[in-house]
Amino acid sequence: MNPLQRVARNPTAYRWLVLRGRPIAELLEALLRFVTGGRFGVLDLTGLPNVQITTSGRKTGLARTATVQCVPTDDGLMVVGSNWGRERHPSWSANLKAAERVSVRRRGHRFTAKVRLLTGEERERAWATVLRHWPNYQIAQDRAGGRQFRLFLLTPTT
């Protein structure tokens, strides 16, 4: 585990990041993605699994790309619409919710994936898996008040 990953996994450091460091992390992410042509970002620095997802904006129809942390599963990848624990869902999750397919870029490889919003009991099992992978999501969930994070399963298509 690299030193930045150790810091990111520390609940105290994560609380600080969620409460005060978000603008810095977002600026650094944008800068790193720009300089590296989209190949490297903050989550890569910390050694955390992540993907870039590109889908059409639900209102504009324009391509929208977001970098999100992911949880690898046997079926594909799970992504969580945490939005740093803010009261509103992230805009990328609304676009993903409206899409059937998404373009995914992971470690330099691109593929198309089928999108499925997880609900009910399936979502609860997935949430337990997500928390085993990244316990700090619970900190963000507690901060979000009554908003339940959207969980998506991205299944690669052939």
| message | Please check: side-chain N/O of N95 versus main-chain N/O of G57, any donor-acceptor pairing under 3.5 Å? | response | no

| field | R150 side, atom CZ; T119 side, atom OG1 - distance, nearest 0.5 Å | value | 12.5 Å

| message | The test is side-chain contact (heavy atoms from CB on, under 4.5 Å); show your working for F152 and V80 and say whether it passes. | response | CA-CA 7 Å; F152 296 92; V80 180; over 6 Å; no

| Would you say the side chain of P72 lies within less than 4.5 Å of the side chain of H133, judging by non-hydrogen atoms? | yes

| Stacked cation flag R123 on W127, 6.0 angstrom / 45 deg | yes

| field | Interatomic spacing from OH in Y137 to CG in D142 - rounded to 0.5 Å | value | 14.5 Å

| Under-4.0 Å salt bridge between R116 and E122 | yes

| said: Keeping T73 on the side-chain end and G76 on the backbone end, is there a donor-acceptor pair under 3.5 Å? | reply: yes

| request: Could you verify whether a donor N or O on one side chain and an acceptor N or O on the other, from R101 and T112, lie under 3.5 Å apart? | output: no

| query | Are R33 and D44 within salt-bridge range, i.e. N to O under 4.0 Å? | reply | yes

| said: With a 4.5 Å cut-off on side-chain heavy atoms, are T55 and W92 touching? | reply: no

| query | Are T65 and T54 close enough that a side-chain donor and a side-chain acceptor fall under 3.5 Å? | reply | yes

| note | Taken to the nearest 0.5 Å, the spacing of F40 CZ from N50 CG works out to 9.5 Å

| remark: Nearest heavy-atom contact between R147 and S82 is NH2-O, 2.5 Å

| message | Are V130 and L117 linked, directly or through intermediate hydrophobic residues, by side-chain heavy-atom contacts shorter than 4.5 Å (ILVMFWY only)? | response | no

| Donor-acceptor pair, side chain of R105 and main chain of V51, under 3.5 angstrom | no

| According to a 4.5 Å side-chain heavy-atom criterion applied to Ile, Leu, Val, Met, Phe, Trp and Tyr, with indirect links allowed, do F111 and L153 form part of one hydrophobic cluster? | no

| If you measure from OG on S103 to CD on Q52, what distance do you get to the nearest 0.5 Å? | 9.5 Å

| query | Is the shortest heavy-atom distance from the side chain of W134 to the side chain of Q69 under 4.5 Å? | reply | yes

| message | For the backbone of H89 and the side chain of S93, can you confirm whether one donor and one acceptor N or O come within less than 3.5 Å of each other? | response | no

| message | Listing request: all salt bridge (charged side-chain N to carboxylate O under 4.0 Å, His left out) pairs with a residue in residues 79-97, at least two apart in sequence or in separate chains. | response | E26-R86

| query | Linking I/L/V/M/F/W/Y whenever their side-chain heavy atoms sit closer than 4.5 Å, directly or via other members, would L27 and L43 fall into one cluster? | reply | no

| said: Taking side-chain contact (heavy atoms from CB on, under 4.5 Å) as the criterion, tell me which of V71, V104, L96 meets it with V79. | reply: L96

| E29 (side chain) donor-acceptor with V42 (main chain) under 3.5 angstrom | yes

| request: Go through the steps to decide whether C70 and R106 satisfy the test side-chain contact (heavy atoms from CB on, under 4.5 Å), and finish with yes or no. | output: CA-CA 10 Å; C70 66; R106 183 169 189 222; 4.2 Å; yes

| query | Is the side chain of Q141 donor-acceptor paired with the backbone N or O of F149 at a distance under 3.5 Å, no angle test? | reply | yes

| said: Are V68 and M78 connected into the same hydrophobic cluster when the rule is that any two of I, L, V, M, F, W, Y join if their side-chain heavy atoms are below 4.5 Å apart? | reply: no

